[in-house]
Amino acid sequence: MEGIIPLSVPNFEGNESKYVNDALSQGWVSTGGAYITELEKKLAEYLHTDDVAACQSGTSAIHLALVEAGVMPGDMVIVPTLTFIAAVNPVKYQFADPVFIDCDDSLCIDPVKIKLFCEKECEMKDGRLTYKNGQKRVKAIVVVHVFGNMADMEAIMEIAEKYNLKVIEDATEALGTCYEEGKYKGKYAGTIGDFGAYSFNGNKIITTGGGGAITACDGQVVGHLRYLSTQAKNDPHNYIHHEIGFNYRMTNLQAALGVAQMEELPDFVERKNRNYKLYKELFYGYGNAKMMSFRDGAFTNKWFYSLEINRDKVGGTIQDVVAQLEERGVQTRPIWGLIHEQKPYKDDLAYMVEKAQYYSSCILNLPCSTQITKEKISYVAGQVKEVLDELAK
Ligand SMILES: *Cc1c(COP(=O)(O)O)cnc(C)c1O
């Protein structure tokens, strides 16, 4: 194979340069311009939601959601430990405390353990969930739809209703994922809870270079989020501000890229699904590893392809596997280090974490760019098998 097969690279086969050049020639490069509203409209249509506000990043979208949810210094927010750190850092931006919860076998946050935490460690006081040990108020849950899989939203929403918690869906990896059955049939990831955050960073299913978006179940709330994202400007010309705002608005240049990418999104989702199926076939019946599956009853965007290595059979660490594959021209990555073990979070509460530990030791993410060919997928699978066979005990 010529060159290295990358983990994930963006795909600009559509109108990207045309629209970006158009934005440039119009001179609308910053936080005003028609491409921003066009992208917001396209996203809202795609997600079947009233309104979407385009932001600087997925991280800023999550931060805005926490602000809007009323998360304040000293509050607690339930978060997964198995995720990208950007899902959790905004909790600290609000000087609130995360409570780290385990994943289930979908790699998303485990509702059973969220419920146990609320039941056993907290009590309701004046309709507010309060952590017994310290009397802090638990305000919200951040749910991450890991690798494009759908978290168990039916169970999570039930808990949130019972305990009066706001739900912030981190759908940064899950644009295009929706329920096909059940209570939320037809609902897209990010449109079920109170807030949904999306990211258009370079390796996400669509990209604007850097960028993101936020939606809310109440369309009017999105208007307020947009207001907060533009320095909370109450008046277009006179510099009147009634709240503390942020510089979190997407730029028109980014949005021009985004409008082109939205045209291709359905095709990207289809390619991701097709390529996932190929990997799944290639690893079918293989004893040393198997492809992780996605939730039944949901259509998923198959953003990332996780291979679960059989730890009973294969020795070495994931880092060994990654290094050996790199030598063979295949770029792969382990799953994230658990957040509660990261230096800035060592003193925060981690509740019943077991499965996340296991999965962080055995998941290998495989090349998943939308433009990867069938031949390259076969090559990757072949190389992975050779490396794992050599490491087999
Ligand atoms: C990418 C990502 C984010 C952050 O998005 P940015 O646009 O990079 O700020 C947050 N959470 C998860 C799970 C992500 O994968």
Side-chain angles (χ1 to χ4, degrees), residues 7-10 39 43 52-67 77-94 98 100-101 103 106-109 140-151 153 156 167-177 189-190 193 195-215 225 229 246-251 253-255 257-258 261 268 272 292 294 300-306 333-340 342 344-345 356 359-360 363 365 368-369:
L7 182 73
S8 173
V9 289
L39 177 61
L43 281 165
V52 175
C55 308
Q56 280 289 344
S57 64
T59 312
S60 62
I62 296 165
H63 188 197
L64 286 174
L66 289 167
V67 170
V77 178
I78 293 170
V79 298
T81 186
L82 184 71
T83 186
F84 182 51
I85 200 160
V88 182
N89 282 342
V91 173
K92 290 277 188 187
Y93 303 166
Q94 287 304 102
F100 291 101
I101 302 283
C103 65
S106 71
L107 300 181
C108 303
I109 196 165
I141 310 175
V142 176
V143 180
V144 180
H145 299 289
V146 175
F147 300 147
N149 201 5
M150 182 74 89
M153 290 307 291
I156 291 165
V167 175
I168 296 155
E169 292 182 74
D170 175 338
T172 51
E173 304 181 349
L175 181 61
T177 293
F195 305 96
Y198 302 89
S199 165
F200 314 126
N201 210 332
N203 70 346
K204 299 301 203 279
I205 195 155
I206 65 163
T207 186
T208 58
I214 180 88
T215 190
L225 289 161
S229 79
F246 300 86
N247 183 11
Y248 280 173
R249 184 90 170 138
M250 182 183 273
T251 69
L253 271 185
Q254 292 167 314
L257 208 50
Q261 291 269 289
F268 291 167
K272 290 265 188 189
M292 292 285 293
F294 290 79
T300 51
N301 72 358
K302 312 284 189 306
W303 175 63
F304 251 44
Y305 309 143
S306 296
R333 284 289 176 269
I335 205 166
W336 312 281
L338 303 184
I339 313 296
H340 77 278
Q342 311 283 333
Y345 290 101
Y359 282 115
S360 77
I363 297 282
N365 283 314
C368 63
S369 307

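Numbering of ligands and ligand atoms starts at 1, following listing order. Quick caveat: nothing in here was measured; it's all calculated off a predicted structure.
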Original post:
Between the side chain of Thr177 and the main-chain N/O of Gly148, is any donor-acceptor distance below 3.5 Å?
Top reply: yes

**OP:** Using modelled atom types only, decide if a donor and an acceptor are shared between the side chain of Glu169 and the backbone of Gly196 within a distance under 3.5 Å.
**Re:** no

**OP:** Using atom types as modelled and distance alone, determine if a side-chain donor or acceptor of Trp303 lies under 3.5 Å from a backbone N or O of Leu175.
**Re:** no

Subject >> Close-contact set for ligand 1 against Thr83 heavy atoms, below 4.0 Å >> reply: 13 (C)

**OP:** Name the orientation class of the two ring planes belonging to Tyr93 and His63 (parallel below 30°, tilted from 30 to 60°, perpendicular beyond 60°).
**Re:** perpendicular

**OP:** Identify, for atom 11 (N) of ligand 1, the protein heavy atom at the shortest distance, and state residue, atom and that distance.
**Re:** Asp170 OD2, 2.7 Å

Subject >> Beyond-backbone contact of Glu173 with Lys204, side-chain heavy atoms, under 4.5 angstrom >> reply: yes

**OP:** Within a distance under 4.0 Å of any heavy atom of Ala86, pick out the atoms of ligand 1 and give their elements.
**Re:** 3 (C), 4 (C), 10 (C)

Original post:
Against heavy atoms of Gly211, which atoms of ligand 1 measure under 4.0 Å?
Top reply: 7 (O)

**OP:** Using a strict 4.0 Å cut-off to heavy atoms of Thr59, name the atoms of ligand 1 that fall inside it.
**Re:** 4 (C), 5 (O), 6 (P), 9 (O)

Subject >> For atom 14 (C) of ligand 1, the protein heavy atom that lies nearest, with its residue and separation >> reply: Thr172 OG1, 3.1 Å

Original post:
In terms of residue, atom name and distance, what is the protein heavy atom nearest to atom 5 (O) of ligand 1?
Top reply: Ser199 OG, 3.2 Å

Subject >> Distance filter under 4.0 Å to Val144 heavy atoms, resulting ligand 1 atoms >> reply: 13 (C)

**OP:** Could you list the atoms of ligand 1 found under 4.0 angstrom from a heavy atom of Ser57?
**Re:** 7 (O), 9 (O)

Subject >> Gly58, any N or O under 3.5 Å of ligand 1 N or O >> reply: yes

Subject >> Side-chain donor/acceptor of Gln254 to backbone N/O of Gly210, under 3.5 Å >> reply: yes

Original post:
For atom 8 (O) of ligand 1, which protein heavy atom lies nearest, and how many Å away is it?
Top reply: Asn201 ND2, 2.8 Å

Original post:
How does Val146 reach ligand 1, if at all, at less than 4.0 Å between non-hydrogen atoms: by side chain, backbone, both, or neither?
Top reply: neither

Original post:
Tell me: protein heavy atom nearest atom 15 (O) of ligand 1, and distance?
Top reply: Glu173 OE2, 2.5 Å

Original post:
Under the 3.5 angstrom rule, does the side chain of Ser306 hit a backbone N or O of Asn365 as a donor-acceptor pair?
Top reply: no

Original post:
Where does the angle between the aromatic ring planes of Tyr345 and Phe100 fall among parallel (under 30°), tilted (30 to 60°) and perpendicular (over 60°)?
Top reply: perpendicular

**OP:** Say whether, by atom type as modelled, one donor and one acceptor occur between the side chain of Thr81 and the main chain of Ile101 under 3.5 angstrom.
**Re:** no

Original post:
How far is atom 2 (C) of ligand 1 from its nearest protein heavy atom, and which residue and atom is that?
Top reply: Lys204 NZ, 2.9 Å

